Amino acid sequence: MKKFLDLIADEMKAAFAGCGYEESYAKVVLSNRPDLCEYQCNGAMAAAKAYKKKPIDIASDVVAKLKEQCSVRAAAGETPVFLDEDVNAVMPGFINLRVNSLYLAEYMEGMTQAPKLGLDEIGHGETIIVDYGGANVAKPLHVGHLRSAVIGESIRRMGNFLGYHMVGDVHLGDWGLQMGLIIEELRDRKPELVYFDESYTGEYPTEPPFTISELEDIYPTASKKAKEDECFKERAQTATFKLQNGYAPFTAIWKHIMNVSLADLKRNYGNLDVHFDLWKGESDAEPYIPWLIQDLQDKGLAYESQGALVVDIAEPTDSKELPPCIVRKSDGAALYATSDLGTILEREKDFAPVKYIYITDKRQELHFTQVFRVAKKAGYVKPETPMIHIGFGTMNGKDGKPFKTREGGVMRLEKLIADIDEAVYQRIMENRTVSEEEAKETAKIVGLAALKYGDLSNQASKDYIFDTDRFISFEGNTGPYILYTIVRIKSILNKYKENGGQVTEEGSEKKILPAKGASEKALMLQLSKYNEVIENGFAETAPHKICQYIYELANAFNSFYHDTKILSEEDQAVKDSYIGLITMTRRTLEICIGLLGIEAPERM
Ligand code: ARG
């Protein structure tokens with residue numbers, strides 16, 4: 001469906017052109033003075049210079065033309081976009097507009113009838129890779145991994161909804177030094193294991209030599225040891241090197257680490273309602289690396305520098321000097337960038353995506369600039385294929401410092417989720433209208449919404465403060481407020497049905513009439529922005545735009561609800577129209593929270 005703002009802009013363009021002015025002056029924006037008008041066009045001011053006329057004269061010409069267009073439409077039996085009294089030229093040359101309520105109601109009707117409420121599937125099945133999650137195998141998920149997972153999941157859902165084929169890849173850190181550290185720590189703990197017996201020639205056991213909780217203890221111990229004990233660190237490096245070169249006993253241990261850890265990661269991401277199409281990792285890039293290194297050299301891009309192999313990536317337009325990308329260290333080891341380049345080769349082979357989106361901490365910005373530039377310079381990725389890095393800011397505690405446990409340690413994601421669920425549970429139990437069991441279930445849904453919305457409602461690149469009390473509040477720009485609004489609409493609709501009213505899930509059989517009151521019209525205007533918001537939100541990879549939109553939509557609904565007796569309305573046609581409108585509001589809110597990775601409970 002055409003975007004509502006575009007329909008208005010088209011009308012304005014026709015009027016400018018009809019008066020002999022350039023169409024490009026006909027830009028229409030939402031009014032920043034809703035008390036005066038709904039939309040405005042400031043193009044007459046800019047046009048005045050070009051045409052050497054007074055802005056107000058141009059505005060008046062255009063307004064006259066708009067009115068003429070509208071009467072031509074009316075005569076042809078069409079609904080005019082504006083009524084005469086609602087288009088005005090004001091000093092010094094603004095054009096203020098209010099939309100014809102009938103025209104708006106018809107647009108609402110169109111939305112309820114259309115699939116996906118009139119959102120166009122602009123993706124046409126084109127493939128986009130979204131790289132998010134980025135957990136490191138054998139390390140428990142901690143709050144640092146929350147943002148990538150939550151933002152990535154939302155972007156994946158938005159893209160799919162718009163008809164793209166989104167391929168979400170968790171891109172595990174499964175090939176680095178942590179593997180050697182675990183292997184050597186395991187040797188110290190259980191030297192009798194066959195993996196450490198060099199004379200052993202039999203099959204390796206299928207049972208893992210550790211449980212997940214042991215594994216989670218092994219890694220931090222080993223990592224601490226390596227910092228204090230140079231010899232241990234060297235052993236870990238050697239073990240990593242052997243693993244990366246296919247040494248069978250270590251490959252066997254590595255597989256155990258992967259299996260045990262992956263099961264745990266899947267459970268954790270599942271609890272977050274975060275999903276991946278691919279569970280690939282750095283190790284999958286390995287087979288591509290020898291060819292990559294050779295190719296970069298053959299193309300004359302990679303050269304030796306202090307024993308390492310590097311590729312220059314600086315460009316004359318850079319505002320600061322960017323260091324070359326190291327693709328091989330002097331000891332022959334591959335690096336993070338090497339594995340990302342190898343992964344790109346694999347993704348090009350498997351998917352040839354039209355776009356890449358990576359979501360990590362913003363401290364990795366230089367890394368991605370380097371990787372993207374090498375990938376383009378070497379021709380692995382087409383010049384026109386956008387490669388986007390969304391670098392997010394830090395999640396801070398109330399003290400403004402990176403979020404920590406009370407003891408100052410790294411907070412595990414599981415703990416964070418459990419804490420917020422508990423806080424919501426307490427709040428629900430304060431009013432104690434539901435059973436304990438239902439309260440627990442509801443708290444899980446609302447807690448997750450509080451957590452995700454608290455994150456997503458901030459522009460990704462900004463740091464934000466994780467504030468449980470604020471996030472779980474039922475008022476203000478929070479997840480629970482949005483859910484509460486949906487639940488409120490559901491409850492009105494349930495009452496309507498209990499009293500014999502009938503309405504389908506879509507509500508598309510209820511004819512929506514022109515708004516009678518201001519808050520009703522405001523609600524419709526807010527609904528009319530829906531397809532534009534989602535398309536732009538995705539184009540800008542900005543879930544916070546969806547949050548902003550549904551916050552305003554929830555507010556618009558709540559004012560309408562405050563002003564209107566919905567169920568006791570006596571005029572049946574008007575009541576039907578209200579039911580249609582609030583059903584549509586519910587659908588819009590539900591679609592949007594779905595895109596954020598959130599769902600609503602039945603009751604709260
Ligand atoms: N494992 C990495 C980390 O913990 C994140 C991976 C992000 N994705 C990528 N393709 N580099 O920092």
Side-chain angles (χ1 to χ4, degrees), residues 126-134 148 152 155-156 159 164-176 276-278 280-305 308-329 333-392 539 541:
E126 287 181 327
T127 301
I128 296 180
I129 299 275
V130 209
D131 181 313
Y132 59 106
S148 177
I155 288 169
R156 185 180 67 83
Y164 290 96
H165 170 225
M166 302 299 281
V167 177
D169 184 4
V170 64
H171 199 77
L172 298 168
D174 61 356
W175 204 234
F276 300 95
D277 304 290
L278 299 177
K280 296 228 163 207
E282 291 174 5
S283 63
D284 292 290
E286 205 49 23
Y288 298 85
I289 290 178
W291 183 88
L292 171 81
I293 299 286
Q294 190 59 49
D295 187 63
L296 289 172
Q297 285 171 301
D298 292 348
K299 288 187 172 134
L301 293 171
Y303 64 92
E304 296 262 351
S305 167
L309 197 63
V310 306
V311 179
D312 284 332
I313 53 115
E315 285 170 11
T317 49
D318 292 340
S319 57
K320 58 175 186 253
E321 204 181 317
L322 297 184
C325 179
I326 308 176
V327 292
R328 196 180 61 204
K329 283 203 294 192
L335 294 103
Y336 189 39
T338 328
S339 100
D340 263 324
L341 286 164
T343 304
I344 288 172
L345 291 176
E346 181 176 52
R347 289 172 177 170
E348 284 293 320
K349 175 174 76 65
D350 291 350
F351 300 103
V354 297
K355 197 195 256 192
Y356 287 86
I357 304 173
Y358 293 76
I359 301 145
T360 75
D361 192 301
K362 68 179 167 204
R363 285 171 292 189
Q364 296 194 22
E365 194 178 301
L366 174 62
H367 164 78
F368 283 104
T369 305
Q370 291 175 319
V371 168
F372 295 167
R373 286 193 185 175
V374 174
K376 295 257 165 133
K377 262 183 125 170
Y380 303 147
V381 175
K382 287 203 212 88
E384 67 274 19
T385 304
M387 302 188 86
I388 298 166
H389 173 231
I390 304 176
F392 52 78
T541 46

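The model shown is predicted, which means the values in this text are computed figures rather than measured ones.
Side-chain contact check for Asp284 versus Glu346: some heavy-atom pair is nearer than 4.5 Å. Residues Lys355 and Ile129 are not in side-chain contact: their nearest non-hydrogen atoms beyond the backbone lie 4.5 Å or more apart. With contacts defined as side-chain heavy-atom distances shorter than 4.5 Å, the pair Leu335/Lys329 qualifies. You'll find the side chain of Val310 stays beyond 4.5 Å of the side chain of Val327, heavy atoms only. The shortest side-chain heavy-atom distance between Ile359 and Ile357 falls under the 4.5 Å cut-off. With a 4.5 Å cut-off on side-chain heavy atoms, Lys280 and Leu172 do not count as touching. Using a 4.5 Å heavy-atom threshold, the side chains of Cys325 and His367 count as separate.
A 6.0 Å sphere centred on CD of Glu304 holds more than 12 heavy atoms belonging to other residues, nucleotides or ligands.
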Thr338 and Ile293: CA distance, side-chain angles, deciding distance, side chain to side chain contact (heavy atoms under 4.5 Å, CB included) verdict: CA-CA 8 Å; Thr338 328; Ile293 299 286; 4.1 Å; yes
Leu309 and Ile326: CA distance, side-chain angles, deciding distance, side chain to side chain contact (heavy atoms under 4.5 Å, CB included) verdict: CA-CA 6 Å; Leu309 197 63; Ile326 308 176; over 6 Å; no
Lys362/Phe392 under side chain to side chain contact (heavy atoms under 4.5 Å, CB included): CA gap, chis, key distance, verdict: CA-CA 5 Å; Lys362 68 179 167 204; Phe392 52 78; 6.0 Å; no
Derivation of the side chain to side chain contact (heavy atoms under 4.5 Å, CB included) call for Leu322 and Thr369: CA-CA 9 Å; Leu322 297 184; Thr369 305; 4.0 Å; yes
Residues Tyr358, Tyr132; criterion ring pair (Phe, Tyr, Trp, His ring centres under 6.0 Å); working and verdict: CA-CA 6 Å; Tyr358 293 76; Tyr132 59 106; over 10 Å; no
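Salt bridge absent: Lys377 and Asp312 never bring a charged side-chain N and a carboxylate O closer than 4.0 Å.
Of the possible polar contacts, none joining the Asp340 side chain to the Val371 backbone as a donor-acceptor pair under 3.5 Å is found. With Asp169 contributing its side chain and Asp131 its backbone, the two residues share no donor-acceptor pair below 3.5 Å. Of the possible donor and acceptor atoms, none in the side chain of Thr127 sits under 3.5 Å from a partner among the backbone N and O of Pro353. Judged by distance alone, with hydrogens and angles left aside, the side-chain atoms of Lys299 form a donor-acceptor pair with the main-chain N or O of Ala378 at under 3.5 Å. In this structure, Gln370 contributes its side chain and Pro324 its backbone to a donor-acceptor pair below 3.5 Å.
Side-chain contact annotation: Tyr336 with Gln364, donor-acceptor N/O pair under 3.5 Å present.
Of all the heavy atoms in Asp277 and Met166, the pair that sits closest is OD2-O, 3.3 Å. The shortest heavy-atom contact between Ser339 and His171 is OG-NE2, 4.5 Å. When all heavy atoms of Ala334 and Ile289 are compared, the pair lying nearest together is CB-CD1, 4.2 Å.
Here side-chain hydrogen bond (donor to acceptor under 3.5 Å, both in side chains) pairs that include residues 313-326, with residues two or more places apart or in two chains, are Asp318-Arg373.
Between the CD1 atom in Ile155 and the OH atom in Tyr164 there is a gap of 13.0 Å [rounded to 0.5 Å]. Note that OH of Tyr356 is 7.0 Å distant from CZ of Arg347, once rounded to the nearest 0.5 Å. Within the model, atoms CG of Asp295 and CG of Leu301 stand 8.0 Å from one another, a figure rounded to the nearest 0.5 Å. Separating the OH atom in Tyr288 from the CD1 atom in Ile344 is a distance of 13.0 Å, to the nearest 0.5 Å. The distance from atom OH of Tyr303 to atom CD of Gln297, rounded to the nearest 0.5 Å, is 13.0 Å.
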For a quick test of your reading: what N or O donor-acceptor pairs under 3.5 Å do the side chains of residues 382-390 make, sequence neighbours left out?
from, atom 1, to, atom 2, distance (Å)
His389, NE2, Thr360, OG1, 2.7

